[in-house]
Amino acid sequence: MDANAIADALRRAVPAAQIDPLATLDMPAISVDRESWPEVARTLREDPALQFQLLADLLGADYFPGEPRYEIVYLLVSTGVPGLGASSPAKRLRVKVRVPGSDPHIATVSTIWPSAGWPEREVFDLFGVTFDGHADLRRVLMPEDWEGHPLRKDYPVQIRRGVKVYEPLQLSPEEFAKNIDRIRRLSQAKDE
């Protein structure tokens with residue numbers, strides 16, 4: 001099934017959606033408008049002709065100063081395994097959804113594909129795009145107190161922050177040797 005056939009099937013199921021096939025070399029790809037994305041996503045998963053059971057990954061891109069500024073790319077897979085509900089051969093699909101920089105919000109698809117939970121958190125953390133309805137949207141790579149989103153193209157890369165100094169491990173040489181002996185004895189007892 002190519003991008004045109006997938007777009008036609010989606011247009012029949014979600015007539016209000018703006019869906020366009022994209023020219024690619026590796027796999028079928030379509031673009032979907034942000035407002036229709038949740039309904040289109042549900043159709044991609046549940047429609048018997050489409051059956052994209054798995055969200056393999058999602059990622060973000062920043063086209064600053066272009067507008068719409070952000071693009072969220074979803075990589076979907078239909079396994080083609082009858083036991084998983086598939087009745088057609090395995091196939092892949094790339095879906096691109098553009099998000100404006102003035103309102104960086106998009107509906108979560110973690111309720112449709114649970115595998116979207118962590119990558120949506122990564123995109124939120126690194127680009128600042130908010131996934132409305134996400135059950136636990138918080139930073140995943142940067143510290144909680146980090147300011148800004150480091151993969152935004154306008155992120156100030158010359159930030160000067162104080163170096164955090166942690167307490168060194170407080171262990172005397174005698175305590176260290178005692179711990180090593182204890183671990184050796186436990187290991188020998190386990191082997192006997």
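Position 1 is the first residue of the sequence, and the numbers go up from there.
Taken from CZ in Phe124 to CG in Asp136, the straight-line distance is 10.5 Å, to the nearest 0.5 Å. Here Leu54 contributes atom CG and Trp113 contributes atom CH2; the two are 9.5 Å apart, rounded to the nearest 0.5 Å. Note that CD of Glu175 and NZ of Lys178 are 8.0 Å apart. Values are rounded to the nearest 0.5 Å. Annotation: the span from His149 atom NE2 to Arg139 atom CZ amounts to 5.5 Å, rounded to 0.5 Å. The CD1 atom of Ile6 sits 11.5 Å away from the CZ atom of Arg11 when rounded to the nearest 0.5 Å. For the atom pair CG of Asp125 and CD of Glu120, the computed distance is 13.5 Å after rounding to the nearest 0.5 Å.
No donor-acceptor pair under 3.5 Å is formed between the side chain of His105 and the backbone N or O of Val129. Judged purely by atom type and a 3.5 angstrom limit, Lys153 has no side-chain atom pairing as donor or acceptor with the backbone of Phe64. The backbone N or O of Leu50 lies less than 3.5 Å from a partner atom in the side chain of Lys91, making a donor-acceptor pair. Put simply, the side chain of Gln53 never gets that close to the backbone of Arg45: no donor and acceptor are under 3.5 Å apart. A donor-acceptor pair under 3.5 Å is absent between the side-chain atoms of Gln188 and the main chain of Arg185, judged by distance alone. A donor-acceptor distance shorter than 3.5 angstrom exists from the side chain of Thr43 to the backbone of Glu39, with no hydrogens or angles considered. The backbone N or O of Ser110 sits less than 3.5 Å from a side-chain atom of Thr108, completing a donor-acceptor pair. No donor-acceptor distance shorter than 3.5 angstrom exists from the side chain of Ser78 to the backbone of Ala90, with no hydrogens or angles considered.
Comment: Asp57 does not engage Arg94 in a salt bridge, judged by the lack of any side-chain N to carboxylate O separation of less than 4.0 angstrom. For Asp103 and Arg69, the salt-bridge test fails: no basic side-chain N is under 4.0 Å from an acidic carboxylate O.
Linking ILVMFWY residues whenever their side-chain heavy atoms come closer than 4.5 Å, directly or via other members, leaves Leu76 and Val73 in distinct clusters. Hydrophobic clustering (side-chain heavy atoms under 4.5 Å, transitive across Ile, Leu, Val, Met, Phe, Trp, Tyr) groups Leu141 together with Leu58. Put simply, Leu151 and Ile106 are part of the same group of oily side chains (I, L, V, M, F, W, Y) that touch within less than 4.5 Å, one to the next. Following chains of ILVMFWY side-chain contacts shorter than 4.5 Å, one cannot reach Leu59 starting from Val95, and the two form parts of different hydrophobic clusters. Taken together through direct or relayed side-chain contacts under 4.5 Å among Ile, Leu, Val, Met, Phe, Trp and Tyr, Phe131 and Val140 form part of one hydrophobic cluster.
Considering only heavy atoms from C-beta on, Val99 comes within 4.5 Å of Ile72 through its side chain. Contact annotation: the side chain of Leu126 approaches that of Met142 to within less than 4.5 Å [non-hydrogen atoms, C-beta and beyond]. In this structure the side chain of Ile180 reaches within 4.5 angstrom of the side chain of Arg184, judged on heavy atoms. Contact annotation: the side chain of Ser187 approaches that of Asp191 to within less than 4.5 Å [non-hydrogen atoms, C-beta and beyond]. Side-chain contact between Leu22 and Ile30 is absent, with no heavy-atom pair separated by less than 4.5 Å. Using a 4.5 Å cut-off on side-chain heavy atoms (C-beta onward), Ile19 and Val40 make contact. Using a 4.5 Å cut-off on side-chain heavy atoms (C-beta onward), Asp132 and Thr130 make contact. Using a 4.5 Å heavy-atom threshold, the side chains of Thr111 and Val109 count as separate.
The minimum heavy-atom distance between Pro104 and Arg152, with the atom names listed, is CG-NH2, 4.4 Å. Taking all atoms of both residues into account, the shortest heavy-atom contact from Ser36 to Ala17 is OG-CA, 3.2 Å.
Among Asp47, Leu44, Val77, Ile112, the one residue that satisfies the side-chain contact (heavy atoms from CB on, under 4.5 Å) test with Phe52 is Leu44.
The aromatic rings of Trp146 and Tyr155 lie parallel to each other, their planes meeting at an angle below 30°, with 60° marking the opposite boundary.
Relative to the six-membered ring of Tyr74, Lys96 misses at least one condition, a distance below 6.0 Å or an angle of at most 45° to the axis. Geometric assessment of Arg34 against the ring of Trp37 yields a negative cation-pi assignment under the 6.0 Å and 45° thresholds.
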